[in-house]
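Report on one structure; see the data block that follows.
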Protein chains: 2
Amino acid sequence: MNGAESLVRTLLAGGVDTCFANPGTSEMHFVAALDRVPGMRCVLGLFEGVVTGAADGYARMADKPAATLLHLGPGFGNGIANIHNAGRAGSPMINIVGDHATYHRAFDAPLTSDIEGLAAPVSHWIKTSPDAQSVATDGAAAIAAALKPPGQIATLILPANTAWDEADGPAEAVAAARRSEVSDEAIQGAFQVLKAGEPSVLFMTGQSLREEALRQAGRIAAVTGARLMAQTNNGREERGAGRVNVERLPYPLDQALTALDGIKHIILVGAKAPVAFFAYPGKPSVLYPEGCNIHTLATREEDCVPALSQLSDRLGAPPAGVGVTDHEKTELPSGALSPQSIAQSVAALLPDQGIVVDEGISSGRLVPEMTRSSAPHDWLQICGGAIGIGMPLSVGAAVACPDRRVLGLQADGSGMYTLQALWTQARENLNVTTVVFANRRYASLHHELANVGAGNPGRRALDMLDLDRPDLDWVKLAQGMGVAAEAANDAPSFNRLLDYGLRSDGPFLIQANL
Amino acid sequence: MNGAESLVRTLLAGGVDTCFANPGTSEMHFVAALDRVPGMRCVLGLFEGVVTGAADGYARMADKPAATLLHLGPGFGNGIANIHNAGRAGSPMINIVGDHATYHRAFDAPLTSDIEGLAAPVSHWIKTSPDAQSVATDGAAAIAAALKPPGQIATLILPANTAWDEADGPAEAVAAARRSEVSDEAIQGAFQVLKAGEPSVLFMTGQSLREEALRQAGRIAAVTGARLMAQTNNGREERGAGRVNVERLPYPLDQALTALDGIKHIILVGAKAPVAFFAYPGKPSVLYPEGCNIHTLATREEDCVPALSQLSDRLGAPPAGVGVTDHEKTELPSGALSPQSIAQSVAALLPDQGIVVDEGISSGRLVPEMTRSSAPHDWLQICGGAIGIGMPLSVGAAVACPDRRVLGLQADGSGMYTLQALWTQARENLNVTTVVFANRRYASLHHELANVGAGNPGRRALDMLDLDRPDLDWVKLAQGMGVAAEAANDAPSFNRLLDYGLRSDGPFLIQANL
């Protein structure tokens with residue numbers, strides 16, 4: 001058994017059975033091992049940003065890491081943006097990066113690069129295997145590193161000869177670290193703050209946005225009046241009918257300041273103290289008012305669910321909390337197509353246990369509020385601000401959850417970054433319906449240009465913000481990659497296409513002409 | 001005048017008047033300055049790999065750097081693969097990367113990343129401007145760094161407040177370093193080697209593949225019988241009728257070993273001693289025979305043209321060398337479409353002063369030999385092995401040379417990496433004709449799998465090497481981005497479409513169904 005096969009078997013032994021891949025020469029032995037070792041699902045992406053974004057989406061929904069297979073430094077480089085996003089989301093990921101054979105590196109062949117250097121800024125764990133005998137144990141260590149709470153980026157670099165040389169066999173799984181317990185001191189601290197009755201916010205992300213944690217938070221809100229608020233961007237939120245609804249800190253700076261105005265205490269549950277996404281001239285970087293106190297109930301490495309439960313018990317909260325959402329049927333919209341009508345249509349048609357992948361950016365901002373009473377669903381967002389995650393994330397979520405429906409809300413400018421993901425959706429026949437908000441511009445940048453005080457844009461500046469001349473034809477782009485697609489120009493046709501997409505098998509794309 | 005405007009004016013004062021851009025919030029002041037400062041051509045790319053590949057293509061043809069405008073660490077990350085390629089090509093490039101405001105970094109907002117860390121492995125020069133007053137002088141230093149021979153990657157990181165705060169004004173251009181002279185010792189060393197008359201190769205790349213240097217090399221070959229050989233991959237080669245033709249070291253390892261068999265001396269002219277692109281089990285990493293001596297006439301930082309001239313004079317070479325290519329008319333092919341027929345068609349139709357951008361990989365391998373006697377043209381290759389450079393490189397070459405025709409030879413697998421470049425070709429109405437070799441596979445990997453001894457691939461391995469199920473429809477992909485396109489299924493239709501593309505204004509794409 002060579003090093004590559006020892007790695008594939010080690011990954012499987014450690015519960016890692018899905019690999020998103022864009023291999024090259026140095027990864028050929030890993031690819032060949034797939035034929036000899038059953039059980040590894042290997043999904044090809046035609047660009048590495050697809051591969052890493054899909055691994056993130058998979059991890060969020062499967063609650064375990066996928067592997068990626070990447071080709072040397074440039075292949076890793078192409079995946080960096082979505083690795084950055086995954087790191088911010090706390091998603092576990094195991095990047096396997098082929099490199100030149102150890103003895104070949106000194107010759108500085110054209111593809112030679114400093115892979116560890118490229119990986120360091122976005123990896124929590126990095127190792128270059130020195131020889132074939134080390135690959136299996138390094139692989140087991142990579143799995144353990146990825147599983148370290150809240151979920152980490154592990155990057156394992158495999159020189160080509162470590163893949164083809166003879167190895168000893170697979171390594172056993174290393175016991176993964178568990179989330180550490182929240183200290184009683186932290187629970188007591190939050191208890192005292194909440195007991196005092198001053199205006200308080202539970203500021204939440206990560207595990208605290210899953211159903212059971214939300215239920216406990218709802219109990220706390222019931223006895224204390226504390227507001228429940230999620231970060232602006234969250235890796236995964238369980239929401240909709242039957243779940244405790246939480247407000248979300250708005251992205252626009254002034255709205256965020258208003259939302260937190262008058263708050264005396266922010267209790268962090270997996271989140272960090274709220275700060276502005278960008279700095280703006282003359283505006284604050286922190287979003288909470290002066291004199292507001294920041295307390296930590298649980299860090300993102302800690303297990304917030306029992307902590308919330310203990311806190312609510314200590315507060316004498318009733319079993320039933322506040323904020324549980326009733327299912328409310330939304331009527332289908334008629335008339336013109338608009339961000340508003342799309343939000344209404346999504347609210348009406350979102351299927352039970354749907355997975356919403358939200359990279360809707362400007363045009364999608366109305367959908368979360370409209371869907372709060374829709375059928376229960378999961379909501380996945382871009383956590384690191386690196387656009388181009390949406391369609392890859394949908395790939396990964398659909399691979400992780402073949403029995404559920406994925407709805408991608410996709411801004412057109414962001415979608416262009418990793419549109420190759422559509423091909424993977426077609427090849428794997430994934431149940432993903434993508435709604436492209438075709439406004440033909442980086443609409444957020446129109447706002448941001450004003451927000452940073454850069455004045456009224458003229459022709460040359462606008463050319464950098466608009467995607468017109470020519471307009472993108474997303475129907476053709478999708479069809480070109482084997483994904484059926486249609487355009488919608490009014491609300492009724494959008495309703496019909498969305499219903500069709502969410503009911504039919506395989507991928508579908510709707511170009512929503514705004 | 002704010003820092004951003006001081007930079008734009010400094011770039012213009014330093015002769016940098018073209019910027020390939022994909023800006024975000026932190027770059028809005030740079031974008032706004034474009035309206036106030038005439039003279040900077042700013043070209044939008046819908047993905048950063050397009051931006052950096054275009055800057056490379058521009059630099060190769062304009063012999064001066066373009067600027068790129070990139071958004072924080074992930075934006076830079078998306079550009080890394082083609083920056084790597086540019087570095088290997090010796091292309092000058094000035095990357096301007098926006099970052100959070102200096103005072104905002106400590107808050108670790110979602111897009112915060114270690115930009116300097118990401119930039120270090122692929123940059124020769126890095127600076128983060130500390131304040132607005134420093135931006136102009138830092139910009140001038142970046143230009144000088146980029147111009148340092150043979151051409152360097154300079155990365156200037158601009159925290160947002162250094163762009164919007166008040167600056168003192170633009171900085172004057174810093175005198176750029178010139179190529180250093182080749183020592184007389186090096187010329188005399190090459191002279192003695194060549195005089196001895198043992199089997200020798202002048203191994204060339206970079207400036208030595210321009211017309212005048214080639215002419216001098218042809219004189220040397222005439223009196224010494226030395227072979228003239230280019231690297232496998234070169235940034236730019238002037239070739240075709242009237243130019244001295246050089247053979248090119250083959251990519252396949254065994255062919256390369258054969259090509260250099262029996263050689264006693266390799267004289268490097270801007271090149272490095274030939275090594276294998278990848279290592280293969282049981283095969284050597286160096287491509288020249290044991291006992292072969294490596295000599296350096298000129299490093300890539302040195303000025304090889306006068307050195308070649310002096311060397312040929314010292315050798316008593318006649319003014320007219322050998323190897324000057326006559327123009328030979330090639331007949332148009334008929335019959336089936338094949339890599340062979342495409343090569344023949346290109347040879348027949350390549351226009352005078354055409355620019356060939358070659359990312360044809362496997363299917364394009366026959367074109368160089370077929371076109372050696374075509375009309376004079378430039379040939380641009382992928383130098384760092386990071387696929388996904390072709391269509392961006394065509395963008396940059398066409399922007400640099402609006403009066404010339406660009407022909408892109410594009411493998412389908414590689415093309416998918418940065419297909420967004422087609423949109424920029426459409427928006428800028430660039431005279432680029434792209435031939436997509438649609439073989440629906442990473443054909444090179446089929447060979448490489450065998451070469452690394454990974455055996456016969458089964459279904460699961462083949463799934464990682466083939467781009468079928470579904471087939472890509474490049475006609476729709478191109479049309480979706482506003483580029484006219486047609487498919488060719490036989491040689492006559494390919495001839496017709498290629499002729500049409502090379503004669504009509506604006507971009508055109510031909511899907512060559514192989």
Side-chain angles (χ1 to χ4, degrees), chain A residues 21 23 25 28-29 31-32 34-35 42 44 46-47 74 77-78 80-81 84 88 100-101 104 107 109-111 113-114 117-118 120-121 160 164 233 275 277-279 281 285 383-386 416-417 420 426-427 448-449 452 454-455 458 460-461 463-464 469-470 472-473 476-477 479-480 482, chain B residues 21 23 25 28-29 31-32 34-35 42 44 46-47 74 77-78 80-81 84 88 100-101 104 107 109-111 113-114 117-118 120-121 160 164 233 275 277-279 281 285 383-386 416-417 420 426-427 448-449 452 454-455 458 460-461 463-464 469-470 473 476-477 479-482:
Chain A
T25 300
M28 283 299 100
H29 283 274
V31 167
L34 297 173
D35 285 327
C42 209
L44 179 62
L46 300 189
F47 178 71
N78 286 334
I80 280 175
H84 167 86
R88 291 282 171 178
H100 284 308
H104 195 66
F107 297 103
L111 259 171
S113 64
D114 176 8
L118 288 170
W164 72 55
N233 296 288
V275 298
F277 200 93
F278 288 110
S285 283
C383 292
M416 280 301 289
Y417 274 56
Q420 305 92 338
R427 174 179 262 198
E448 295 292 81
L449 190 93
V452 299
R460 284 199 293 268
D463 277 350
M464 299 299 105
R469 296 177 299 120
L472 294 161
D473 184 333
K476 283 191 168 158
L477 292 175
Q479 291 172 343
Chain B
T25 300
M28 283 298 100
H29 282 274
V31 167
L34 297 173
D35 284 327
C42 209
L44 179 62
L46 300 189
F47 178 70
N78 285 335
I80 280 175
H84 167 85
R88 291 282 171 178
H100 284 309
H104 195 66
F107 297 103
L111 258 171
S113 65
D114 176 8
L118 289 169
W164 70 55
N233 296 289
V275 298
F277 200 94
F278 289 110
S285 283
C383 292
M416 279 301 288
Y417 274 56
Q420 304 93 339
R427 174 179 262 199
E448 296 292 83
L449 191 94
V452 299
R460 284 199 292 271
D463 277 350
M464 299 298 108
R469 298 177 297 121
D473 183 334
K476 283 191 169 158
L477 293 175
Q479 290 172 345
M481 287 183 274

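Heavy atoms only: backbone and side chains are in, while hydrogens, waters and symmetry mates are out. Throughout, a chain's letter reflects where its sequence line sits, starting with A, and its residues are numbered from 1.
Of the atoms belonging to A/L44, heavy atoms from both backbone and side chain fall under 4.5 Å from chain B. Both the backbone and the side chain of A/V452 come within contact range of chain B, judged by heavy atoms closer than 4.5 Å. Contacts of A/R88 with chain B are made by side-chain atoms alone, with heavy-atom separations under 4.5 Å and no backbone atom involved. For A/C383, the part sitting under 4.5 Å from any heavy atom of chain B is the backbone (N, CA, C, O) and nothing else. Of the two parts of A/A160, neither the backbone nor the side chain holds a non-hydrogen atom closer than 4.5 Å to a non-hydrogen atom of chain B.
Heavy-atom minimum distance, A/P23 versus A/M28: CB-CE, 4.1 Å. Nearest heavy-atom pair across A/L34 and B/M464 is CD1-CG, 4.1 Å. In this structure, A/F277 and A/N233 approach most closely via the heavy-atom pair CE1-ND2, 4.0 Å. Across all their heavy atoms, B/N78 and B/F47 have their closest contact at CG-CE1, 3.5 Å. Here the closest non-hydrogen pair linking B/H84 and A/P110 is NE2-O, 3.0 Å. Nearest heavy atoms, B/A279 versus A/W164: O-CH2, 3.6 Å.
Per-residue heavy-atom pair counts under 4.5 Å with chain B were compared for A/I80, A/L449, A/D114, and the maximum is reached by A/L449. With respect to chain A, the highest number of heavy-atom pairs below 4.5 Å among B/M481, B/Q420, B/Q479 belongs to B/Q420. Note on B/A21, B/G77, B/A120: by heavy-atom pairs under 4.5 Å with chain A, the leading option is B/G77. Heavy-atom pairs under 4.5 Å with chain B peak, among A/L472, A/V31, A/L111, at A/L111. Counting heavy-atom pairs closer than 4.5 Å to chain A, the top-ranked of the candidates B/A426, B/G117, B/C42 is B/C42. Between chain A and the options B/G482, B/G458, B/G455, heavy-atom pairs under 4.5 Å are most frequent for B/G458. Ranking B/A101, B/A32, B/A109 against chain A, the residue ahead of the rest is B/A109, based on heavy-atom pairs under 4.5 Å. The candidate from B/S285, B/A386, B/S113 with the greatest count of non-hydrogen atom pairs under 4.5 Å with chain A is B/S285.
Ring geometry for B/F107 against B/H104 counts as tilted: the plane angle lies between 30° and 60°, on a 0 to 90° scale.
Here the side chain of A/R469 pairs no donor or acceptor atom with the backbone of A/D463 at under 3.5 angstrom.
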